[in-house]
Amino acid sequence: MKNVLKTSKWTLSSVKNSLMGLILICLAFAFMGSAAHAAEAAPELGSEDKACQKCHDSEDIKPKVTEAGESLSLRISTPELLASMHNETSCTDCHEDADGKDHGKVSVPMKSKRDYRLSFQDACTTCHKKNVADFKDSVHAILVKEGSDKAPTCSDCHNSHTVRSVKLVEPIANVPCANCHKDIFKAYSGDVHGLERVAKGKSAPLCADCHKSHAIQAATLGDGIRDACLNCHKDAAVKHEVWLPNSKLHFQAIECQVCHAPNAQRRVNLRMVDGVGGKQLVEKKGVPQFDRLRKAADGTAQGFDESEMRSFLKAFNLESTGNKAILSGRLELRSGLEAHQLSTKDKALKDCKVCHENGAVPFQSVVLTMAGPDGRALRQGVEKEVLTSVTSLGSLRGFYAIGSTRIKLLDYLLVLVILGVLVVPIAHLSAHRLFKAKRDKLLAERTSSSTK
Ligand code: HEC
Ligand code: HEC
Ligand code: HEC
Ligand code: HEC
Ligand code: HEC
Ligand code: HEC
Ligand code: HEC
Ligand code: HEC
Ligand code: HEC
């Protein structure tokens, strides 16, 4: 059909206006008509594939028993294959070794279904280079490489014999992620996005819209998920700024779900970042530095107190060849599951006091985190008093308004700011000025300490 179209274009340009041209054009249209007709007819298997299906779509083909004792059905449905996106792909494109003379006559041992599936890891590369490349550094691919028997490869998420267009994930339970992350899928289905997705369709995110489908990273690594939120909710910063002073800073110091999963438990996550670039530190494979040093430093195994934190950081930086590691605080949820229980905006956390008050609950639980070789979090408990300690003042950046015990003046000013906003605009103004002076001072302190 493509060739016919090309011919008709060529014909058009070269013999335009001539009677001959007209005749040729008529002929071309006649060809196109019949070609289109042929395309409408049901797709068929090529003759080679038909030969395979003589056995593989027959009732006589017996399931294969693996050495692990599992039963593997060898029956491939021709109608399903023809209805799939691979209906123009030949069996031997993926099964190069299946057309040998002995095939089907001699039984070849198979260790396990998983082992067999893993043997197809390179089978998709020729035709789907981009997906394979995206997948390569994902948390799933690293887990597979490390020998996990539960992390997915291509075939766990896509069935080669029945794959439909990925645009058709209807109902949402068909999303491949649901097979393995069952609890998260259940939470998601009842939250604001899951309900919206079912009610109104594709504008609301499914798993891959927040996590990506192939280049999936561990959830707490970096700011990828927040950026995905902001990519759809483009006006979020503007809308929050109306009531939330310096919403940009809040967006850095608080993950969106902290306010939007209203009943969730919150905590402070002290992330280890590069003191110069600010990038999250990822542990090298085979070098269990974090675990070793944190165990050595945590004398009581009750979580770091101030001096344990100090000696841990010192030991860590002594061993490291790169820049100094510092801590970057962020408010997060205690459970990743709760990140999938987002509510409508009227239920979101708006009460400043929840965070800006003496003994504020989210600051009572603290954890230190470094990313492991696969990006997943390695954690160490930390006593909450560390937040107010001198150690963290020296190493914490961009997170000084922690609880109220930390900087009493700031909280006092915050109360004024809030009162000012709500009650007396003039009081607000002066409080804001006062506050700004304090803020600038702090900022200057921080800049000078970070350039030391
Ligand atoms: C796009 C690639 C692709 C094509 C085309 C393809 N297969 Fe497969 N096939 C696979 C993969 C990948 C597996 C391993 C599946 C798994 O792990 O579930 C597989 C597994 C099988 C199995 C073992 C049973 C099973 O379901 O795991 C049989 C039998 C089989 N294929 C036959 C065929 C036949 C016959 C054709 C053509 C009519 C065909 N395949 C076309 C990729 C393909
Ligand atoms: C004569 C019948 C027959 C034909 C034709 C046939 N197969 Fe098979 N096939 C079998 C049998 C029987 C097995 C199980 C063999 C075993 O137990 O090792 C099998 C196994 C397989 C497997 C499972 C993996 C494995 O190695 O055991 C795949 C994949 C497969 N065939 C693909 C194909 C493809 C592709 C074609 C066409 C090129 C084809 N078969 C043609 C009978 C056939
Ligand atoms: C963890 C599950 C998962 C794994 C593993 C996975 N995929 Fe996907 N893939 C998806 C999802 C989900 C989509 C749909 C993406 C979307 O809607 O944005 C998709 C989409 C696709 C598409 C069509 C859209 C596109 O981006 O081109 C292709 C082709 C594809 N995957 C091939 C592969 C190959 C090849 C591999 C192995 C390297 C692989 N997938 C591994 C989940 C997965
Ligand atoms: C010989 C080429 C070839 C091989 C090998 C192949 N595919 Fe495909 N695949 C295609 C073609 C052609 C399509 C049709 C749509 C397209 O162009 O993306 C397709 C479509 C898909 C889709 C649906 C894409 C969409 O847009 O919805 C997925 C998912 C997919 N393939 C996964 C796989 C996986 C997984 C493997 C390896 C086990 C594999 N393919 C191997 C040629 C191939
Ligand atoms: C609206 C965006 C969004 C959608 C949609 C979404 N997630 Fe998440 N997911 C998140 C956020 C945010 C986190 C938590 C990040 C953190 O802990 O810092 C997370 C965390 C996770 C984690 C890690 C959980 C843990 O215990 O640390 C997994 C696994 C996960 N999601 C899988 C899924 C699956 C599967 C789906 C689809 C059913 C899904 N997500 C849908 C945003 C989303
Ligand atoms: C075959 C099973 C399987 C499938 C399918 C699967 N995953 Fe996973 N996934 C795992 C395993 C196993 C882990 C590692 C253990 C864990 O953290 O839950 C993991 C880890 C993750 C993590 C990192 C969790 C962390 O600690 O931060 C995210 C995010 C994630 N998966 C998202 C997805 C998304 C999105 C999909 C669908 C596109 C998906 N997974 C499909 C098995 C699967
Ligand atoms: C300090 C808590 C807090 C944080 C952090 C926060 N939000 Fe909100 N958000 C709220 C509250 C409260 C509302 C409801 C405001 C109102 O009364 O209209 C809201 C409203 C929204 C709305 C609805 C806007 C509208 O009016 O249509 C969206 C979308 C939203 N937030 C997304 C986000 C995203 C994305 C992030 C992270 C980048 C985020 N929020 C961070 C508290 C927060
Ligand atoms: C693929 C686009 C997309 C992504 C990604 C996305 N959302 Fe949404 N979100 C929607 C749509 C569509 C709705 C429902 C319509 C609306 O209220 O805007 C919605 C609704 C909401 C609401 C309810 C708003 C209200 O009016 O009550 C909140 C809160 C929200 N999203 C927060 C988030 C957060 C936080 C993230 C990231 C963790 C996120 N969204 C990621 C598209 C997205
Ligand atoms: C979920 C917890 C949380 C809520 C709710 C919250 N904040 Fe904050 N706020 C923070 C954190 C954490 C910081 C510290 C940011 C930093 O220093 O990096 C902060 C910083 C600030 C700052 C200092 C910003 C600057 O410019 O330096 C002000 C002012 C502020 N908050 C006011 C408010 C007001 C007013 C409200 C209520 C409308 C509010 N906050 C609600 C957690 C919260």
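These numbers were taken from a predicted model, which means no experiment stands behind them. Hydrogens, waters and symmetry mates play no part in the numbers below; they use all other heavy atoms, side chains included. Just so you know, ligand 1 is whichever comes first in the structure, and atom 1 is the first atom listed for that ligand.
- At a cut-off of 3.5 Å, with distance as the only test, no side-chain donor of Thr369 or Arg271 sits close to an acceptor on the other residue.
- Look at Ser90 and you'll find a heavy atom under 4.0 Å from some atom of ligand 1.
- Between Arg310 and Glu306 there is a salt bridge, since a side-chain N of the basic residue sits under 4.0 Å from a carboxylate O of the acidic one.
- Side-chain polar atoms of Asn269 and Glu332 form a donor-acceptor pair below 3.5 angstrom.
- Heavy atoms of Ile76 come nearer than 4.0 angstrom to ligand 1 in at least one pair.
- Side-chain contact of Glu319 with Gln289: a donor-acceptor pair under 3.5 Å is present, judged by distance alone.
- In terms of heavy atoms, Ile254 sits closest to Cys259 at CG2-SG, 4.4 Å.
- Within the 4.0 Å heavy-atom criterion, neither part of Pro109 lies near ligand 2.
- Interface atoms of ligand 2 facing Cys91, defined by a heavy-atom separation under 4.0 Å, are 35 (C).
- When each atom of ligand 1 is checked for a heavy atom of Cys94 under 4.0 Å away, the hits are 1 (C), 2 (C), 3 (C), 4 (C), 5 (C), 42 (C), 43 (C).
- For the residue pair Gln121 and Thr153, no side-chain donor N or O sits within less than 3.5 Å of a side-chain acceptor on the partner.
- Between Glu255 and Arg330 there is a salt bridge, since at least one side-chain N of the basic residue sits less than 4.0 Å from a carboxylate O of the acidic one.
- Contacts of Leu72 with ligand 1, taken as heavy-atom pairs under 4.0 Å, involve the side chain alone.
- The existence of a salt bridge linking Asp156 and Arg114 is confirmed by a sub-4.0 Å separation between a basic side-chain nitrogen and an acidic carboxylate oxygen.
- Ion pairing of Asp149 with Lys113 is absent here, as no side-chain N (NZ or NE/NH1/NH2) approaches a carboxylate O to less than 4.0 Å.
- For the residue pair Glu96 / Thr92, no side-chain donor-acceptor distance below 3.5 Å is found, with atom types taken as modelled.
- Each protein N, O or S atom less than 2.8 Å from atom 8 (Fe) of ligand 2 was counted, giving 2.
- With respect to the salt-bridge test (charged N to carboxylate O, under 4.0 angstrom), the residues Arg294 and Asp298 do not qualify.
- The aromatic rings of Phe312 and Phe304 lie tilted to each other, with the angle between the two planes from 30° to 60°.
- Residue Leu81 places a heavy atom less than 4.0 Å from ligand 1.
- Residues Lys50 and Glu44 are paired through a salt bridge, judged by an N-O separation under 4.0 Å between the basic side chain and the carboxylate.
- Within the 3.5 Å criterion, the main-chain N or O of Ser247 finds a donor-acceptor partner in the side chain of Glu241.
- Close approach to Tyr116 involves these atoms of ligand 2, each under 4.0 Å from a residue heavy atom: 23 (C), 24 (C), 29 (C).
- A donor-acceptor pair under 3.5 Å is absent between the side-chain atoms of Asn231 and the main chain of Asp227, judged by distance alone.
- Ring planes of Phe120 and Tyr116: perpendicular class, angle over 60° (limits at 30 and 60°).
- Those atoms of ligand 1 that come under 4.0 Å of a heavy atom in His86, given as number and element, are 1 (C).
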Write out each pair where an N or O from ligand 6 and one from the protein are under 3.5 Å apart, with the distance.
{"residue": "ligand 6", "atom": "7 (N)", "partner": "His140", "partner atom": "NE2", "Å": "3.0"}
{"residue": "ligand 6", "atom": "7 (N)", "partner": "His181", "partner atom": "NE2", "Å": "2.9"}
{"residue": "ligand 6", "atom": "9 (N)", "partner": "His140", "partner atom": "NE2", "Å": "2.8"}
{"residue": "ligand 6", "atom": "9 (N)", "partner": "His181", "partner atom": "NE2", "Å": "2.9"}
{"residue": "ligand 6", "atom": "17 (O)", "partner": "Arg376", "partner atom": "NH1", "Å": "3.3"}
{"residue": "ligand 6", "atom": "27 (O)", "partner": "Ala219", "partner atom": "N", "Å": "2.8"}
{"residue": "ligand 6", "atom": "31 (N)", "partner": "His140", "partner atom": "NE2", "Å": "2.8"}
{"residue": "ligand 6", "atom": "31 (N)", "partner": "His181", "partner atom": "NE2", "Å": "2.9"}
{"residue": "ligand 6", "atom": "40 (N)", "partner": "His140", "partner atom": "NE2", "Å": "3.0"}
{"residue": "ligand 6", "atom": "40 (N)", "partner": "His181", "partner atom": "NE2", "Å": "2.8"}

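- Here is the list of ligand 1 atoms found below 4.0 Å of a heavy atom in Gln53: 35 (C), 38 (C).
- Atoms of ligand 2 lying under 4.0 Å from any heavy atom of Ala51, numbered from 1 in the order shown and given with element: 5 (C).
- At least one N or O atom of His161, backbone or side chain, sits closer than 3.5 Å to an N or O atom of ligand 1.
- Residue His95 touches ligand 1 through its side chain alone, judged by heavy-atom distances below 4.0 Å.
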